[in-house]
Number of protein chains: 2
Amino acid sequence: MVFSTTTQYALKILAYMNEHKERLCSAKTLSEELDIPYKYLTKIMTKFTKNEMIESIQGRYGGFKLIDSKIITIYDILKLCDGDSAKACIIGKIECNEKKKCHYHDAWQKPRASIKKDFLDADLKSCGVKDS
Amino acid sequence: MVFSTTTQYALKILAYMNEHKERLCSAKTLSEELDIPYKYLTKIMTKFTKNEMIESIQGRYGGFKLIDSKIITIYDILKLCDGDSAKACIIGKIECNEKKKCHYHDAWQKPRASIKKDFLDADLKSCGVKDS
DNA sequence: TTCAAATACTACTTCTTAGTGGTAATTAAA
DNA sequence: TTTAATTACCACTAAGAAGTAGTATTTGAA
Ligand code: SF4
Ligand code: SF4
């Protein structure tokens with residue numbers, strides 16, 4: 001069970017942007033600072049821009065920045081990069097519910113619930129500060 | 001965040017074998033019953049056999065069976081198929097500890113702990129029956 | 001208006017995982 | 001001892017994710 005390379009990159013990128021939200025971050029800077037292949041990074045950035053997770057400013061002196069009003073959770077990031085993880089269930093991929101459930105359902109319930117809840121709670125700007 | 005196809009197959013296979021532990025399960029049967037490509041399945045089975053997760057009996061009327069004395073947890077299965085998931089951390093892959101931790105560490109702690117604990121607790125034969 | 005530095009777009013290559021094919025080795029029943 | 005059904009082994013193909021290359025487009029400063 002792993003997070004894809006793309007997801008890991010995305011998480012690192014957004015964390016960095018959050019720590020430098022006073023300025024625009026260029027792909028070049030992000031690539032160098034975070035040690036992510038430049039061309040691969042620009043692909044991800046375009047994707048995030050298209051999905052309105054971030055804002056891009058084109059042309060010279062352009063770059064990327066977070067949208068102040070927008071809340072981005074870890075869950076949103078996973079969803080965009082790897083697909084909705086907690087939705088279609090993993091162990092089995094069978095049609096199932098509480099009545100018709102696979103052998104591992106009960107064991108999977110807590111981890112899955114935790115992933116969903118804690119990643120939905122965790123918005124980028126105040127990551128992990130919530131104490132429920 | 002996903003479980004690999006191999007992991008999903010493995011989980012299904014072992015669950016089926018557990019439900020039919022009174023008899024040997026042939027690759028042919030498993031392939032047909034669980035709708036897993038025959039050749040791919042035999043690869044997995046050989047791997048599991050080599051790692052002494054299960055026992056194989058060769059020759060005509062042969063097949064596979066669980067080892068009675070052996071406890072297999074979901075965690076063991078994940079580990080064998082996808083690598084030790086909870087060990088090398090996911091969000092970041094950086095050198096880290098409680099003192100030097102990435103932006104997402106706190107948010108990731110609960111899900112990670114749950115995956116580790118609940119999947120280690122969940123042995124194949126009595127999956128999900130533990131109430132902690 | 002020019003130009004350099006930035007994002008956007010399209011297409012390709014490389015690497016890993018998933019899946020296939022053929023055959024050898026094994027084994028118990030007939 | 002023969003034989004058919006089974007696992008084990010080796011090498012290949014297909015598909016998808018990761019990474020690369022080149023170029024078009026955008027834009028603000030000089
Ligand atoms: S029964 Fe539960 S664990 Fe199994 S596939 Fe469905 S939702 Fe997932
Ligand atoms: S700081 Fe925590 S969450 Fe981040 S990579 Fe390390 S162990 Fe994982």
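Just so we're on the same page: letters track the sequence lines, and every chain starts at 1. Because the structure is predicted, anything quoted here is derived from the model rather than measured.
- Smallest separation of non-hydrogen atoms from A:L124 and A:A15: CD1-N, 4.2 Å.
- Contacts of B:K47 with the nucleic acid, taken as non-hydrogen atoms under 4.0 Å apart, are absent.
- For the residue pair B:T73 / B:D123, no side-chain donor-acceptor distance below 3.5 Å is found, with atom types taken as modelled.
- Dashed line: the shortest gap from a side-chain N or O of A:T42 to OP1 or OP2 of C:dT7 is not under 4.0 Å.
- The minimum heavy-atom distance linking B:D76 with B:I71 is given by the pair OD2-O, 3.9 Å.
- Minimum atom distance to the side chain of A:R60 is reached by C:dA5, of the listed C:dA18, C:dA6, C:dA5.
- Following rounding to the nearest Å, B:K39 (NZ) and D:dA14 (P) show an atom-to-atom distance of 17 Å.
- Note: CD1 (A:I44) to C1' (D:dG19) measures 11 Å, nearest angstrom.
- We find that NZ of A:K65 is positioned 17 Å from P of C:dA6, with the value rounded to whole Å.
- When rounded to the nearest whole Å, the span between NZ of A:K12 and P of D:dA18 equals 14 Å.
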How far apart are the C-alpha atoms of B:F48 and B:I72, what are their side-chain angles, what is the distance that settles it, and do they pass the side-chain contact (heavy atoms from CB on, under 4.5 Å) test?
-> CA-CA 11 Å; B:F48 270 74; B:I72 302 177; 5.9 Å; no

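- Relative ring orientation between A:F119 and A:F3 is described as tilted, the plane-to-plane angle lying within the 30° to 60° band.
- Taking atom CD on B:Q58 and atom P on D:dT6, their separation rounds to 14 Å, with Å as the unit.
- The side chain of A:T5 contributes no N or O atom lying less than 4.0 Å from OP1 or OP2 of D:dA17.
- Each of D:dT20, C:dG19, C:dT7 was ranked by its minimum atom distance to the side chain of A:K43; first place goes to D:dT20.
- Distances shown here put a side-chain N or O of A:T46 below 4.0 Å from the OP1 or OP2 atom of C:dA8.
- For the pair A:Y61 OH and C:dC3 C1', the computed distance is 10 Å after rounding to whole Å.
- Contact check, B:S4 against C:dT17: no side-chain N or O comes under 4.0 Å of OP1 or OP2.
- Taking 4.0 angstrom as the limit, A:Y9 places none of its side-chain polar atoms (N or O) nearer than this to OP1 or OP2 of D:dA18.
- Between B:Y38 atom OH and C:dG19 atom P there is a gap of 16 Å when expressed in whole angstrom units.
- Closest approach to the A:T49 side chain among D:dA8, C:dA8, D:dG22 is made by C:dA8 (side chain taken as heavy atoms from C-beta onward).
- Regarding B:M45, its CE atom lies at a distance of 10 Å from the C1' atom of D:dT7, rounded to whole Å.
- Within the structure, every side-chain polar atom (N or O) of A:S26 is placed at least 4.0 Å from both OP1 and OP2 of C:dA5.
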